[in-house]
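The next block holds one structure in the form of structure tokens; read it before the comments.
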Amino acid sequence: MAEDKVYPVDKERAAHSLINIDDYHRLYQQSIDQPDIFWAEQAEKFVGFFEPWSKVFDGEFAKAQVAWFKDAKLNVSWNCIDRHLPQRADQTAIIWEGDEPDSSLHITYRDLHQAVCRMANVLKARGVKKGDRVCIYMPMIPEAAYAMLACTRIGAVHSVVFGGFSPDAIRDRIQDSDCRTVITANQGVRGGKLIPLKHNVDKALEQCPDVHSVIVVKHTEADTGWHAERDVWYHEAISQVDDQCPAEVMDAEDALFILYTSGSTGKPKGVLHSTAGYLLQAAMSHKYIFDYHEGEVFWCTADVGWVTGHSYILYGPLCNGATTLMFEGVPTYPDASRFWQVIDKHHVNIFYTAPTALRALMSLGDEPVKSSSRASLRLLGSVGEPINPEAWEWYHKVVGEERCPIVDTWWQTETGSTMISPMAGVTDLKPGSATLPFFGVKPELLDAHGKVIQGAGKGNLVITQSWPSQIRTVFGDHQRCVDTYFKAYPGYYFTGDSARRDKDGYYWIIGRVDDVINVSGHRLGTAELESALVLHPKVAEAAVVGYPHDIKGNAVYAYVTLMTGIKDSDDLKKELIQFVADEIGAFAKPEIVQFAPGLPKTRSGKIMRRILRKIAANEIDHLGDTTTLAEPSVVDNLIEHRVNR
Ligand code: 6R9
């Protein structure tokens with residue numbers, strides 16, 4: 001059994017860790033039993049406040065009404081930059097590694113201060129005020145970090161939209177949170193390919209008449225469409241403003257950012273995080289989980305368009321005065337040794353990536369890894385989806401040469417920061433297990449009747465008490481926040497994941513139990529994919545499920561019923577796949593489309609996804625009860641025409 005395999009903490013390393021396992025247990029217990037005392041101490045350690053709080057925690061968890069560090073005043077960009085200037089103005093804050101291996105930059109905390117102040121002044125000059133929402137649709141370039149920090153500096157709420165999203169997806173997100181300002185670049189570059197970001201924004205804005213300003217970074221030499229009354233070049237705008245901009249005094253509970261994420265129903269939700277609690281927990285988890293030591297280079301390979309990029313490229317590391325690496329490219333360009341070359345080039349000490357990248361690289365053999373030294377590496381991390389024990393072992397043996405612990409960090413956009421994870425040099429590891437809860441996090445497993453499972457067992461993963469970086473609301477729809485996360489099991493936050501707990505209390509995340517598919521660590525809602533497919537004029541109905549995929553973890557299998565009289569063909573399959581890419585983004589493309597004359601439905605008309613999942617996974621011997629189907633024969637047809645992979 002995988003769970004019997006234990007990699008104990010290296011004794012020598014443990015001696016240099018920030019804390020040891022006894023400290024962990026003691027502090028953990030305090031964090032659960034006396035959260036006010038625990039979090040007050042941590043807040044004083046990790047965050048600078050302009051004014052103190054009147055109360056550490058206030059509110060009602062079950063109603064998703066929580067406030068942390070009530071009445072305290074602070075500013076996130078001040079914490080991430082200004083606070084460090086007396087000691088580390090000349091220290092590198094951000095190492096930027098471009099798509100091409102010969103392009104990189106070192107940005108010091110002093111440089112960062114200037115760049116963020118200028119960007120903040122540009123926003124102000126365009127009329128952006130505290131509380132206004134700003135959409136950021138950027139490649140992985142330093143200006144993306146400047147833009148995010150500039151928003152926090154003036155109290156504007158950023159909504160970063162991943163650069164892989166389509167114009168329609170951008171439009172929906174801009175409209176939902178009523179952004180009037182967009183920050184983008186003319187083009188992005190990834191793996192040698194150009195991405196027409198400004199062009200996508202222009203298309204999106206055809207249906208967003210309220211957007212008055214688009215700030216455009218000139219990242220490549222390419223021309224772009226231009227709307228003189230609306231668009232400004234970033235390089236021109238910053239030359240006209242001052243490089244000093246006071247940090248706005250923000251309340252602990254003021255909105256910090258919105259980040260859209262897919263759920264089981266309807267349109268993506270704008271997850272809203274607030275200021276103090278989010279910053280504290282991002283910084284604190286970065287320090288403890290990665291055992292971050294002064295002067296180390298930390299590299300999180302996520303995109304800033306996802307929550308991992310927010311918390312562990314930007315806010316956690318910078319709040320701790322760390323050196324954080326930002327990479328524009330992809331793991332396989334110019335070749336499959338790129339990650340490891342970058343580690344050598346910049347002497348990376350801590351490397352944090354996703355299982356899907358590891359599996360893809362693992363399939364290319366050990367040679368590209370072994371062509372690098374990786375001598376600087378001290379610690380490895382994993383995030384985004386369950387890491388299978390094979391990938392874990394490869395990461396440990398080949399990449400880390402058995403000397404680097406791996407922290408498998410489980411968390412979500414909604415949780416803001418890591419919830420279940422080993423701490424490097426503290427926790428004994430088991431390949432494939434996210435191990436133990438972080439400070440202040442009290443998970444439980446619930447059975448099918450909603451009863452708490454004691455000891456070892458398997459069930460739906462819930463969290464039982466508030467933590468500082470928890471989601472505050474779904475932008476513009478608090479009821480949706482309550483319904484999505486706090487309704488299934490009253491009194492608990494429901495994660496949407498199921499998990500197993502072993503005899504040692506270690507957690508093993510199994511995966512989503514709702515209609516969310518985790519493809520290469522990206523969350524896709526089946527509802528979103530189905531709505532995209534049925535927009536196509538030839539599609540009558542669509543049902544989408546996930547199935548296990550060697551590299552992506554899960555992939556999308558779409559069953560499509562065509563309009564009467566439309567003939568199916570391979571070309572039409574390709575057209576539908578491209579259609580989804582245009583509607584949502586290329587990362588959402590179905591791997592498989594199967595034309596289905598009918599879909600399995602109950603007599604009340606509900607699609608039985610359970611059956612579709614089994615067919616997609618080729619588990620046709622275990623279809624379960626099909627007697628409630630309105631037309632059992634449709635299943636035979638689906639099995640007969642199943643697409644073999
Ligand atoms: C941080 C992030 C959240 C979903 C989550 C779960 C899956 C994330 C994981 C993991 C197993 C891990 N997930 N980390 N599953 N082990 N270490 O990825 O946020 O994009 O919101 O996705 O990802 O299913 O519910 P987000």
Side-chain angles (χ1 to χ4, degrees), residues 2 160 162 164-165 257-264 268-273 278 281-282 285-286 289-290 300-313 315-316 352-359 380-389 391-392 395 406-422 427 429-438 441 443 460-463 469-471 474 484-485 488 493-501 506-525 546 548 552-554 587-588:
V160 182
F162 170 57
F165 274 113
F257 67 81
I258 297 167
L259 189 55
Y260 285 86
T261 191
S262 298
S264 39
K269 296 179 288 281
V271 171
L272 188 125
H273 282 288
Y278 170 83
Q281 219 171 336
S285 57
H286 169 255
I289 290 173
F290 297 101
C300 164
T301 69
D303 192 284
V304 290
W306 308 114
V307 75
T308 308
H310 282 56
S311 301
Y312 298 110
I313 294 178
Y315 294 121
Y352 186 34
T353 195
T356 186
L358 295 171
R359 286 191 298 265
L380 302 168
S382 171
V383 62
E385 47 175 326
I387 178 163
N388 46 314
W392 195 101
Y395 201 19
I406 298 176
V407 293
D408 174 6
T409 64
W410 174 84
W411 58 295
Q412 309 179 300
T413 304
E414 296 86 341
T415 69
S417 61
T418 299
M419 302 291 276
I420 303 181
S421 168
T427 322
L429 306 173
K430 298 186 190 186
S433 172
T435 77
L436 300 171
F438 187 64
V441 176
N460 285 345
L461 179 64
V462 298
I463 312 291
S469 66
Q470 91 171 62
I471 174 176
V474 167
T484 310
Y485 306 106
Y493 166 85
F494 178 40
T495 62
D497 282 322
S498 71
R500 201 158 55 77
R501 190 171 47 218
Y506 275 38
Y507 286 84
W508 301 70
I509 309 299
I510 298 167
R512 304 291 306 195
V513 287
D514 51 7
D515 289 322
V516 170
I517 312 176
N518 192 327
V519 180
S520 300
H522 299 328
R523 274 166 70 169
L524 298 170
K552 300 181 174 185
N554 290 283
F587 63 94

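Whatever order the structure lists ligands and atoms in, that order sets their numbers, starting from 1.
Here T301 pairs with T353 under the side-chain hydrogen bond (donor to acceptor under 3.5 Å, both in side chains) rule; sequence neighbours left out. For S498, the side-chain contact (heavy atoms from CB on, under 4.5 Å) partners at least two apart in sequence or on another chain are N460, I510, V513. Judged as a side-chain hydrogen bond (donor to acceptor under 3.5 Å, both in side chains), and not counting sequence neighbours, the contacts of D515 are R613.
Remark: of the listed residues R359, R512, R523, R359 is the sole one forming a side chain to side chain donor-acceptor pair (under 3.5 Å) with E385.
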Let's go through F162 and F587 carefully: what are the C-alpha distance in whole Å and the side-chain angles of both, what is the deciding distance for ring pair (Phe, Tyr, Trp, His ring centres under 6.0 Å) to 0.1 Å, and is it a yes or a no? CA-CA 11 Å; F162 170 57; F587 63 94; 5.4 Å; yes
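Sorted by chain and number, the heavy-atom contacts of ligand 1 below 4.0 Å come from V307, T308, V383, G384, E385, P386, D408, T409, W410, W411, Q412, T413, D497, I509, R512, N518, R523.
Residue T418 comes nearest to S285 through the heavy atom pair N-OG, 4.4 Å, listed as atom of the first residue, atom of the second, then distance.
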